[in-house]
Number of protein chains: 2
Amino acid sequence: MKMTIKEVAKEAGVSISTVSRVLNGRDRVSRHTINRVRAVIEKLQFQPDFVARTMIMKKTSTIGLIVPQLSNEYWALMSEVIQDALWMRGYTTLICSTDNEPDKDEAYLKMCLERRMDGVIYCSSPYCGPEARDGLDAIKEAGVPLVSLDPNIAGVSCVVGDHLQGTLTAVEHLIRAGYARIAYIGGPAVSIEREFGYRKALMMHGYRVDEGLIRLVKGQSFADGHEGLRALRSSGLAFDALFCGNDLLAFGAIKAMEEAGIRVPEDVAVVGYDDIFSARLFKPALTTVRQPIPDIGEELVQLLLASLETEPERRTVRKIVLPTELIVRESSGAALRQGAEARR
Amino acid sequence: MKMTIKEVAKEAGVSISTVSRVLNGRDRVSRHTINRVRAVIEKLQFQPDFVARTMIMKKTSTIGLIVPQLSNEYWALMSEVIQDALWMRGYTTLICSTDNEPDKDEAYLKMCLERRMDGVIYCSSPYCGPEARDGLDAIKEAGVPLVSLDPNIAGVSCVVGDHLQGTLTAVEHLIRAGYARIAYIGGPAVSIEREFGYRKALMMHGYRVDEGLIRLVKGQSFADGHEGLRALRSSGLAFDALFCGNDLLAFGAIKAMEEAGIRVPEDVAVVGYDDIFSARLFKPALTTVRQPIPDIGEELVQLLLASLETEPERRTVRKIVLPTELIVRESSGAALRQGAEARR
DNA sequence: CTGAAAGCGCTAACAT
DNA sequence: ATGTTAGCGCTTTCAG
């Protein structure tokens with residue numbers, strides 16, 4: 001039976017405002033009344049209607065989280081971390097997986113507005129074309145706090161890994177190990193900073209950037225990496241190392257190499273990015289750049305909540321860059337070239 | 001600016017009821033009025049308030065989905081599939097990851113009720129103790145449609161893979177390949193049917209079930225599998241094959257074997273369960289039982305929606321069992337024993 | 001076909 | 001300290 005505050009009031013012999021008061025701990029209510037009302041609430045198993053409450057308070061206590069793909073380990077973990085951080089602070093997270101479809105992206109953004117999310121954490125942008133910009137603008141205009149994982153959205157606070165530095169470290173790791181022809185597989189679906197870092201590292205070390213060794217693919221999945229490597233090979237250019245925009249791309253590329261009889265790391269050294277769980281399970285264990293997912297999630301939430309407690313006019317735009325860490329394993333051939341054992 | 005139906009009515013020179021009518025396509029409204037109202041809505045960028053609407057209609061168009069762990073590939077994919085299926089039918093999915101904590105499980109269940117979810121898809125039960133039962137009962141009592149992935153909740157419809165058959169097939173695959181001492185790692189976190197299937201297969205083929213070869217662990221993760229295998233080894237009993245309750249457990253167990261210098265499949269053949277994406281990436285590629293995740297998700301959604309359209313009294317309890325499929329790869333040593341190439 | 005009015009269940013002034 | 005009343009933004013009778 002769906003109880004309402006009215007029935008509680010009647011049963012307890014008080015007015016509905018009094019019930020509302022004990023419910024919210026507002027104003028002063030006599031100890032005695034409080035107890036009586038509490039007892040009735042308990043007895044009637046009354047639960048205030050969240051929707052009605054929401055309508056008045058204009059606060060859904062819900063945050064929209066938009067990620068490109070839940071079935072991608074990286075996003076699944078990120079979602080979990082964010083949901084936890086939000087839950088501990090009394091918020092519910094509405095996780096939306098766009099499956100990299102701009103239409104869905106736009107639709108979910110719209111839904112966030114329609115359903116009056118208190119805030120939105122947008123992690124899908126690398127893939128978004130101008131369509132999503134509209135959705136994001138609508139959210140900003142409505143004064144709904146918005147934070148992102150992408151540093152390229154004007155006027156939106158973000159938390160990001162230090163990809164430039166991370167990539168630099170990764171590529172320098174290869175250079176130091178003696179590799180000279182380092183290819184890159186990335187694309188719009190992974191942070192553009194990674195491509196820049198790759199170029200920067202080469203240039204800093206006096207290498208010429210060979211555009212033929214750079215392969216931009218559409219997605220960020222295993223299949224994209226696989227395809228990217230095939231395209232790379234069909235170009236006929238030789239390479240002895242490969243840096244990939246994320247771990248999944250690296251897995252796909254390595255798979256494609258295996259199929260072609262190319263050994264990793266003996267023939268080609270490979271470094272990925274993200275350090276998803278599978279990276280250490282993979283064979284060869286993947287050398288990769290670890291992103292501090294828990295920290296990123298936590299900071300994202302803090303940023304959003306801070307924004308939530310500030311009037312739209314005085315909100316500041318923050319860009320928080322978190323350090324990344326190179327995790328050296330087998331795929332980069334460290335053991336081969338330096339005789340050192342790959343760790344972790 | 002937050003527009004309301006009132007301002008639209010004023011601007012269009014009609015009553016709010018008329019606006020409401022064109023909004024919902026209810027009743028008959030003159031072509032002319034419709035157009036005028038539509039124009040104003042467009043001009044004012046009016047969007048009806050979902051919350052207010054929800055309060056009246058008593059329908060949130062939101063379904064709660066409770067899974068044990070989003071960062072587990074299996075659940076991430078299942079969540080994605082379900083969210084998609086629901087989205088296409090006009091529902092939003094509130095995905096909740098309990099992280100295998102009974103408290104969170106209970107809290108999320110309560111939240112589903114409080115937030116007036118139209119229905120709940122519960123996928124967390126294998127781990128739930130009696131606590132979650134209370135939450136589930138509350139949901140049932142409230143008349144909220146509920147479906148599950150667990151066949152062991154009385155009075156709740158469910159969709160499950162045919163684990164008994166799947167397991168049977170998997171174990172028989174090992175038996176036929178000539179393995180005689182087959183161990184099992186599973187536990188409360190994976191469907192109990194898998195343990196039964198294991199026992200059944202052994203018995204059917206005239207093998208004695210050696211309780212010492214059965215290792216029940218608490219969780220369903222890589223770490224649990226790793227620990228399970230160590231426990232198995234410390235028992236001192238010999239085994240030449242291992243069947244694991246899921247793929248992650250298998251990965252963990254294989255890792256532990258590697259560390260102990262045991263080769264897979266040469267020394268011990270391994271079969272997992274689920275066929276998560278990593279299973280084919282793993283080395284050795286994992287022989288496993290594939291669950292039809294997309295089908296399960298789709299059926300779950302259909303079952304729920306059917307229930308949604310039926311008054312509580314006439315709802316029927318259905319148990320839908322979907323076939324599973326053995327995917328033979330390298331880890332079970334098929335190539336070794338039969339000279340056949342492991343496929344896919 | 002359209003408008004007026006009555007709520008949905010709750011909170012928040014405003015009274016007492 | 002507690003009751004009364006006015007909405008929140010919308011849908012839905014019930015009258016024209």
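Sequence lines set the chain letters: A, B, ... in the order given, protein chains first and strands last, and positions in each chain run from 1.
Ion pairing between a basic and an acidic side chain is recognised when a charged N comes within 4.0 Å of a carboxylate O; B/Arg89 and B/Glu298 show such pairing. Between A/Lys59 and A/Glu309 there is no salt bridge, since no side-chain nitrogen of the basic residue lies less than 4.0 Å from a carboxylate oxygen of the acidic one.
Closest to the A/Arg28 side chain, of the nucleotides D/dA1, C/dG9, C/dA12, is D/dA1. The side chain of B/Ala52 approaches D/dC10 more closely than any other nucleotide in the set D/dC10, C/dA13, C/dG9. Of the candidates D/dA1, C/dT2, D/dT2, C/dT2 carries the atom nearest the B/Val29 side chain, counting heavy atoms from C-beta on. For B/Arg53, whose side chain is taken as the heavy atoms from C-beta onward, the closest listed nucleotide among C/dG9, D/dG3, D/dC10 is D/dC10.
A/Arg26 comes within 4.0 angstrom of sugar-phosphate atoms only, judged by non-hydrogen atoms across all strands, and of no base. The residue B/Val14 sits close only to the backbone: its heavy atoms come under 4.0 Å of sugar-phosphate atoms, none of a base. Counting non-hydrogen atoms under 4.0 angstrom, A/Thr4 reaches the backbone sugars and phosphates but no base. Among the protein residues, A/Phe46 comes within range of the sugar-phosphate backbone only, with heavy atoms under 4.0 Å from sugar or phosphate atoms but none that close to a base.
Across the protein-nucleic acid pair, A/Ile16 atom CD1 and D/dT4 atom P stand 10 Å apart, rounded to whole Å. Nucleotide D/dT12 holds its P atom 7 Å from the CG atom of B/Asn24, rounded to whole Å. Computed from coordinates, the B/Asp27 CG to D/dT11 P distance equals 12 Å when rounded to whole Å. Rounded to an integer number of Å, the gap from A/Ile5 CD1 to D/dT4 P is 14 Å. For the pair B/Lys2 NZ and D/dG9 C1', the interatomic distance rounds to 8 Å; values are reported in whole Å. Here C/dA12 presents its P atom at 13 Å from CE of A/Met55, a figure rounded to the nearest Å. One can place CZ of A/Arg21 at 13 Å from C1' of C/dC10, the figure rounded to the nearest angstrom. Counting to the nearest Å, the C1' atom of C/dG9 and the CG atom of A/Leu23 are 11 Å from each other.
For the atom pair CD1 of A/Ile95 and CD of B/Gln83, the computed distance is 8.5 Å after rounding to the nearest 0.5 Å. The line from OG of B/Ser30 to CG of B/Asn35 is 8.5 Å long, rounded to the nearest 0.5 Å.
The closest donor-acceptor contact from the side chain of B/Asp118 to the backbone of B/Thr60 lies under 3.5 Å.
Residue B/Thr18 is the one, among B/Lys58 and B/Thr18, whose nearest nucleotide of DNA chain C lies closer to the 5' end (criterion: closest heavy atom).
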Apply side-chain hydrogen bond (donor to acceptor under 3.5 Å, both in side chains) to the pair A/Arg115 and A/Thr62, showing each step before the final yes or no. CA-CA 9 Å; A/Arg115 299 214 168 194; A/Thr62 308; over 6 Å; no

Full working for side-chain hydrogen bond (donor to acceptor under 3.5 Å, both in side chains) between A/Gln220 and A/Tyr74
CA-CA 11 Å; A/Gln220 56 177 324; A/Tyr74 179 80; over 6 Å; no

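Heavy-atom contacts from other residues, nucleotides or ligands closer than 6.0 Å to CD of A/Glu311 number more than 12.
The base of D/dT5 lies outside donor-acceptor range of the side chain of A/Ser17, with no N or O pair under 3.5 Å.
Contacts between residues 30-39 of chain A and DNA chain D, counted as heavy-atom distances below 4.0 Å, involve A/Ser30, A/Thr33.
For A/Ser20 and C/dT11, the shortest distance from a side-chain N or O to OP1 or OP2 is below 4.0 Å.
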